[in-house]
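This report concerns only the one structure given below.
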2 protein chains.
Amino acid sequence: MNKTQVKLIEAAEREFAEKGFHGASIRDITSRAGANVASVNYHFGSKETLFIEMIRYRLEPLNTLRIGMLDTAVAKAGPRPLRIKRIVDILVRPMVESLVGGTHGEYFMRAMGRGMAEETAFMQRLYKDVLATLVTRFRKEMRRTLSDLPETVTITCFTYLRSTLSGVLQIRKNNVVLESGIQFPDADTMIVYITGGIEAIVRNYRTKNK
Amino acid sequence: MNKTQVKLIEAAEREFAEKGFHGASIRDITSRAGANVASVNYHFGSKETLFIEMIRYRLEPLNTLRIGMLDTAVAKAGPRPLRIKRIVDILVRPMVESLVGGTHGEYFMRAMGRGMAEETAFMQRLYKDVLATLVTRFRKEMRRTLSDLPETVTITCFTYLRSTLSGVLQIRKNNVVLESGIQFPDADTMIVYITGGIEAIVRNYRTKNK
DNA sequence: CGCCGATTAAAACAAACGTTTGATTCTGCT
DNA sequence: AGCAGAATCAAACGTTTGTTTTAATCGGCG
């Protein structure tokens, strides 16, 4: 990954974040990066691949970090399954904190959120390339924690977790639509919210089928 | 709203749902509607206005319904503030059930979800036209329920509620990205989840500041 | 029928899009 | 210095975009 490629990726983050995949043009991106129009196609082959590589560039280290954290947590817990809150924490915190921290984080997350909301076709590729391992790994762990419940419940919980995450990702710091008093999320509250939601679903299921 | 206009709106719902605002073209929409390319500009003035009118067409009745339900609930409760679950229920159920019910609902919701994720500029108009009243009304009610807490907590709760909602809206019945075992949400579980999340935030705040 | 405003149809519009080309410059190595 | 391969550049490619224009058609009313 050379200098121009990184400049292009960083420009792409901002443009995709602000305009979405279709809304941002290669000319916007390259001129922001101070590069030639042809540079995207030269270095990445296509606009789609640029998007994918942009995701991979930030998400791959993040995901290995998360899987690492999950592994050590599991190792430390021994035979006991992890608590819901722990799983959610590992899944959410590194992501949100990288979002609040560095300048790029915010743009990247929104770019990803919008891209995932927008596209259908080529997102399969992104899923298989960068997300599949993470999702199955975390779902397996969640399954172990909720082993007494049917799998559908686990899936439901995971669906809401993902929806909340992707919904939150799309919030921009100076929100336009939601204008009056939207609050940029911090990791702690978000974990509390998601965990609370999941535990409520579990509780609800248990009392209904006891 | 004449026949052609309705046909255009229904076609727009599907196209916008499947391709997003920028991804769907006027030619896609008109040819699906069996109308001429010029019809959108003749009847609605522009692609953007078509989108706005499409939202208004479905959302306005839904919102008056929701505000009506909230009013009667408040009237019945008398001086007592509504419970969180009640507020969430009224906000979520009519929406999700119109989504699961009629054929159009699903497309419309996804179209809205994607549109809101995509756009920045002209969504302000949509917000002021169709969403503002609803949001402030419900937030006022939530504020009354959580009156012992600082307003920032209410805002936080409402932010997560909105994020979850918008995240869930974007789920498509046959999901591609999330492929293996995503579950289309039902109103009940969704209400349980959101309420559980909000109550967890509230609980968390109270124990920290007791 | 004959007229008129409303609607539809086909064609053309300029602008913007992603991508390709071919020449030019830059870079590292012998 | 001189060469080869990589990178950059301006220019142009063919499409597609939203929108406009102009002519044809429709529907109701006197």
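Numbers restart at 1 for each chain; the letters A, B, ... are given by sequence-line order, proteins then strands. Quick caveat, the model's predicted, so the values are computed rather than measured.
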Compute whether any side-chain donor of one residue and acceptor of the other, for [X] and [Y], lie under 3.5 angstrom apart.
X: B:D186; Y: B:T189; result: yes
X: B:T159; Y: B:T156; result: no
X: B:Y193; Y: A:T164; result: yes

Looking at A:K7, A:K19, A:R58, A:R32, which one forms a salt bridge (charged side-chain N to carboxylate O under 4.0 Å, His left out) with A:E13? A:R58
When the distance from NZ of A:K3 to P of C:dC26 is rounded to whole Å, what number comes out? 15 Å
To the nearest Å, give me how far apart CG (B:N2) and P (D:dC26) are. 17 Å
Does the side chain of A:H43 get closer than 4.0 angstrom to OP1 or OP2 of D:dT8 through an N or O atom? yes
Short side-chain N/O contact to C:dA9 OP1/OP2 from B:S39, under 4.0 Å: no
What string of B, S and - do you get for nucleotides 10-23 of chain C 5' to 3' if you count protein non-hydrogen atoms under 4.0 Å? B-B----BBBBB--
Hey, does the side chain of A:K47 reach the backbone of A:F21 with a donor-acceptor pair shorter than 3.5 angstrom? yes
Determine which pairs satisfy salt bridge (charged side-chain N to carboxylate O under 4.0 Å, His left out) with at least one residue from residues 60-70 of chain B, sequence neighbours left out, and list them in order. B:R56-B:E60
